[in-house]
Structure formats: structure tokens, C-alpha cells
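Encoded as C-alpha cells, the structure appears first; notes follow it.
Treat the numbers as computed from the prediction; the structure is a model and nothing was measured.
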Amino acid sequence: MPRLAGAQILFECLVREGVDVIFGYPGGAILPAYDAMLQYPIHHVLVRHEQGASHMADGYARASGRVGVCMSTSGPGATNMITGLATAMMDSIPVVAITGQVGTKVIGSDAFQETDVTGVTLPVTKHNYLVSNVEDLPHILREAFYVARHGRPGPVLVDIPKDVQLATMEFEYPTNPIQLPNERLLKKYAPDEYIARAAEMINQAQRPLILAGHGVLLSGAMDELLAFAEKTNTPVALTLLGIGGFPAEHPQCLGMMGMHGGVYVNEAIQNADLLLAMGMRFDDRVTGNLKTYSPNSKKIHFEIDPSEINKNVKVDIPLLGDLKMSLQKLTPLVKPNKHDAWWEQLRAAMEQDPIRDVLDWESPDGLMSEHVIHDLWTATQGEAIVATDVGQHQMWEAQYYLHNKPHTLITSGGLGTMGYALPAAIGAKMARPDAEVWVIAGDGGFQMTMAELATIVQEKLKINIMILNNGYLGMVRQWQELFYGARYAATPIFSPEFAKIANAYGIPGYVIDKRADVAGVLDEVRSSPGPALIEFRVKMEDAVFPMVPAGANLQDMIKREKVVQPL
């Protein structure tokens, strides 16, 4: 057995876990690891801010299904990654964060760049470790990856003091089975008696509705969902993070539910007699007022995390276990059905919904964001990976860019993190270098992490960037317009000339303010070999509709025609 330093052991374990890309930023407490890294076949992406590193690892994981890895030094380097870890935690993304720490003998003495990072990150990680002895390092690293990817995925942090990185030991990669506390209680699929009860309930339903969430993608259950939905002819509604788990253009796909979901989608939820919640957690942005949520329906909840059962919505049958395996057990037991009356009701409601009419509006006094996103979808034929920030543009993307393939929408759902799109797109491009990758960001969120333009250039990545600039923090402004008497407190925002900022990094920049110019500039940047940035100067006070006010009944939506008339 070779005698290796802790820093070398770190990379020996990472290579064995299949890691070939790390997003990070060096510093004093992590320097031994960076020095050892030169000996290993791992590509390091130098970020411009550690928050970018954790978002890149997150985007990498979402696009690839593999564990994303980020690395930083102690103190501010570690704390800068926390927003990205919280983002990954809320959305169940497998990330392993490696942080340097001051030497074990000075921990607790307020040493230079010392932070209790395990204490700080305890609420925003699935688990974390402080390695106090080099002998523990191989097992901890192997367990960290296991925890990150198994069960309900999530971020794990490993904090390694500098002296542990320098200490040596005889290294042998551990191969013993990993058994976590209570893991034996988790089932691979729901018990047979629960599956049989669910099948009976499904066969009796007259107005069933599938609510497909992020768990469809995390479990890889896309084919199983499709087979189940087609056999039972059940309509499918999607959460924001469930987009891509069921083809958007499939005739049974209703689209997104919830606060900015389709009117007919939310009405279907309220009128259903059976909800099949698959890998979704009944988030408040999906349910609205819990007291009036789908009051006449029975509910079956497919869920891998026992803590989610009955947490927000009481259900009739919990199907605990991996969604993919549960559907494989359930589908042979359900009967084919047509649900003709239910579909007739749904299609009548869909025909009355005004959301698609926006695409036919003329807009002589300003460019509409909805038009820009629809034109991007047309240009890319829906094949691109799109990373969004959070806000109005995120909701418009979900409404007007139709995703037929999984893992093509990269967005922050639970935490709602502005500044996410640009670094997450870098991670996605590193994971899938042959894919066409687009950033869609607002003028506010883009300025939070726009320094990562330098990372794009240094890594020679072909990433196209779309900034929808309306001069406001748009979603907050929309709330102020509707609920605060149009008092725009702190939402008008100054922005630089984004095209010139791009030029400073050597990236071609464009400014577009007319619909007639959109298609041409999209074709130009898509055909160019390198990255490009397009600033679309859109209407300043456009709003996202429909909208369910926070805490309101799901059916009490504010519809576009009641607020804004066609131009």
C-alpha cells in the first residue's frame, strides 16, 4: 500500500468516484489539495466567486445526473458557497463540496480565515463532515458521495483541515459496504399491498390527474411515467422542476401548475377526483391555500422521503420508495381507460385559456419577453439546455419554451436564487459539451454573478446569453403593481451596457429592441463558434399571467385579460 498525504488521498477517492471536473477557487487552507491535484486527471474550472463554484456543481449535476463537485478554501471561501449549497438542498441536487480548514490545533481560536463551516452549513446540507484524522478521510469521502446520490439526493460538505491534508497514511481505497443509520427502513418500492390499493383507486377514478415533479427526473422515471399515463389516458400537469419529465408537446401534457401555471391546469387540480402526486412535495407555490386545495379528490403520493408524506397535504395512500420502481410495479395492475368526459371538460377549458394568444399580439411600442422566449424556442426547435435565473423571465420560459426532453431546464426552484443562471449554465455545458446551452436572465439577477463571463472565456465555452432587460427587478415590481399600489420601492435598477461588458471579456454583444430583429440575431449567435450575449430591451411593465396571489385559493387566479389589454 502506498503512503500518501491526505491531499493525495482526496483526489485518489475523487477519481474512483468518477469525478473528472471540479469547480473551485484556491486559498491558503486548501493549497495542499490544489498542489496534489496536478497529479490527477481532473479538470479544474477556476471560478470568479465561490458562489459560482457551487452553482456550477449544481448545474453540472442537473444536466448530467452525476454528482457535482466544488472546492474552496476556509472562511470566506467556504461561506461564499453556502447559497449554492442551499439551492442544491432545496431542489435535492447531489453535490459534494470540499472546503479547506485551518489546522486542527487552532480550530476554535478564531484563527485567520477560520469559520465553523460545518455549523454554518448544517441546515443547508444533507450531511457534513469535519475530518479530524487523516485515517478517516477515505471512508468519509466515499460515504459523502454515497449520501449525496442515494435516496433523496442532496449536497454534502467535507471540511478538511490543512494539517489533515498534509498528514500521511498507508492508503487503501475502502470497499466495505456502506450502511447508513435507518437506511434499512427505506424501501426500494412501495409495499405490494399499498400498490394494490393504489391500483384499485386509480381504476375507479373518473377524473384522475398526474402531478409530475422533480422526482420523476431524479429517479429516471420518464419512460415509466409515459407508459403509465398513456395506458390510463391520464392528463399530466408539471411542477416547475418537473418540466422535461414528460414531453411538453405530448397530447396528454397540460403544462405547468401553480402560481403561474395555466388557468385550465389549476382548474383541473381543483376539479379532479384523484391526484397522483409523483415526486413532488406540494410546495406552497403549487397548492395555494391548503384549506381549499383540490377539496374533492383522493390523493396518492409517490415519495422517496418519508418526511414529505402528509407534511403539507394529507394523502390517502403513501407510496414510499423509488418512483421508477413503484411505477414498474403499479402499471401492470391498472386498467386501460379513456376518461372521455374528463378530457372533454379539460379540452374545453384549454380552448378558452388566453395564454397562447399573447404570441399573436402586435407590440409596436416595445419588445415583449414572451415573444423573445417563443422565438428562441422556435430557433432551437426546443432542443437547447436553458438555464434561467429567478423572476418573471423564469416563469415566461416555463410557459413559452416547451421542453420535450429531460434535464433541459436548469433552474432554481425551492430557494429561488437570483444569479444562478450564468454559473449553472457553465456547469451544464461542462457536463454536456455537445449540447446547445442558453442562459436566460433578467437585468437584476445577471449582475449578481456576471463576473463568471470570464470563466466562460477562459474555458472556451460556447454558451449563448439572453438578458431580458426591463429596467426593474421585474417580479418584485409586479407584486408592487398588483398589491402595493404601484409604489415601486427599490425595484427600478440601473444596469451597465451589457453588450459593452461582454465586449470587455472578448464576447460579442448585441442590443435588440424590435421583434423583427430577434430571429436574425438568434441565428447569428447560434452559428458563431464562440459565446455571445444579447440584451433584449423589453417592455418595462409587462407582467406574468396568470397569477395566484400568495395564499389565495388555487382557482382564484388573476388573468391577463383582466389587467392588461392587447396592444
Side-chain angles (χ1 to χ4, degrees), residues 7 10 14 19 21-35 37 42-62 67-91 93-102 111-125 128-130 144 148 154-162 165 387 389 412 415 417-430 445-459 461:
L10 167 63
L14 292 181
V19 177
V21 177
I22 292 178
F23 307 94
Y25 202 97
I30 197 69
L31 270 182
Y34 269 88
D35 186 59
M37 183 176 67
I42 289 179
H43 181 78
H44 181 268
V45 176
L46 177 64
V47 303
R48 296 312 186 264
H49 190 283
E50 291 90 352
Q51 180 178 339
S54 48
H55 286 329
M56 289 177 202
D58 175 302
Y60 179 95
R62 294 188 201 229
V67 177
V69 180
C70 52
M71 188 163 67
S72 77
T73 192
S74 62
T79 59
N80 280 346
M81 291 203 299
I82 290 174
T83 297
L85 296 178
T87 302
M89 183 67 179
M90 288 288 282
D91 291 350
I93 305 303
V95 168
V96 170
I98 309 295
T99 53
Q101 183 57 276
V102 300
F112 177 66
Q113 290 194 333
E114 179 191 357
T115 299
D116 177 12
V117 69
T118 53
V120 171
T121 59
L122 185 63
V124 296
T125 53
N128 63 27
Y129 304 83
L130 172 61
V156 177
L157 181 137
V158 182
D159 197 33
I160 311 177
K162 192 171 184 178
Q165 298 172 49
D389 257 12
S412 170
L415 196 65
T417 307
M418 291 177 67
Y420 173 82
L422 184 62
I426 293 172
K429 186 67 175 178
M430 295 297 298
F446 184 75
Q447 292 185 72
M448 291 187 172
T449 53
M450 66 182 181
E452 301 303 341
L453 289 172
T455 306
I456 289 176
V457 175
Q458 185 165 344
E459 291 295 324
L461 300 176

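Counting only distance, with no hydrogens or angles, the side chain of S74 and the backbone of Q113 share a donor-acceptor pair below 3.5 Å. A side-chain donor-acceptor contact under 3.5 Å links D389 to the backbone of G419. Under a 3.5 Å cut-off, the side chain of E452 and the backbone N or O of A424 do not form any donor-acceptor pair. Between the side chain of Q101 and the backbone N or O of D159, no donor-acceptor pair lies under 3.5 Å.
Note that CD1 of I98 and CG of L157 are 7.5 Å apart. Values are rounded to the nearest 0.5 Å. Once rounded to the nearest 0.5 Å, the distance linking CG of L415 with OG1 of T87 reads 4.5 Å. A distance of 10.0 Å separates OG1 in T449 from NE2 in H49, rounded to the nearest 0.5 Å. One distance of note links OG1 of T125 with CG of L85; it measures 7.0 Å at 0.5 Å rounding. Note that the NE2 atom of H44 and the OH atom of Y25 stand 10.5 Å from one another [nearest 0.5 Å]. A distance of 7.0 Å separates OG1 of T73 from CG of L31, quoted to the nearest 0.5 Å.
By the 4.5 Å heavy-atom criterion applied to side chains, Q51 and M448 are not counted as neighbours. At least one side-chain heavy atom of H55 sits under 4.5 Å from a side-chain heavy atom of T417. Residues L10 and M37 have side chains not in contact (no heavy-atom distance under 4.5 Å, counting atoms from C-beta outward). Proximity of Q458 to R48: side-chain heavy atoms (C-beta onward) are separated by under 4.5 Å at one or more points. Taking the side chain as every heavy atom from C-beta outward, N80 and S54 never approach each other to under 4.5 Å. Residues P32 and K162 have side chains in contact (heavy-atom distance under 4.5 Å, counting atoms from C-beta outward). L453 has its side chain within reach of L422: a pair of non-hydrogen atoms, C-beta onward, lies under 4.5 Å apart. Within the 4.5 Å cutoff, side-chain heavy atoms of V95 are placed close to those of C70.
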side-chain contact (heavy atoms from CB on, under 4.5 Å) evaluation trace for I426 with E459 = CA-CA 9 Å; I426 293 172; E459 291 295 324; 5.7 Å; no

Test V96 against V19 for side-chain contact (heavy atoms from CB on, under 4.5 Å), laying out the working first.
-> CA-CA 11 Å; V96 170; V19 177; over 6 Å; no

Stepwise, does the side-chain contact (heavy atoms from CB on, under 4.5 Å) test hold for M430 with H43?
-> CA-CA 10 Å; M430 295 297 298; H43 181 78; 3.6 Å; yes

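Taking all atoms of both residues into account, the shortest heavy-atom contact from I160 to Q165 is O-NE2, 3.0 Å. Residues A61 and G68 come closest through the heavy atom pair CB-N, 3.9 Å. Shortest non-hydrogen contact noted between V102 and A111 is CG1-CB, 4.2 Å. Residues F23 and V47 approach most closely at CB-CG1, 4.3 Å, considering heavy atoms.
Each of D116, T99, N128 was scored for a side chain to side chain donor-acceptor pair (under 3.5 Å) with T121, with one residue passing: N128.
In the model, D58 has a side-chain atom that pairs as donor or acceptor with a side-chain atom of Y420 under 3.5 Å.
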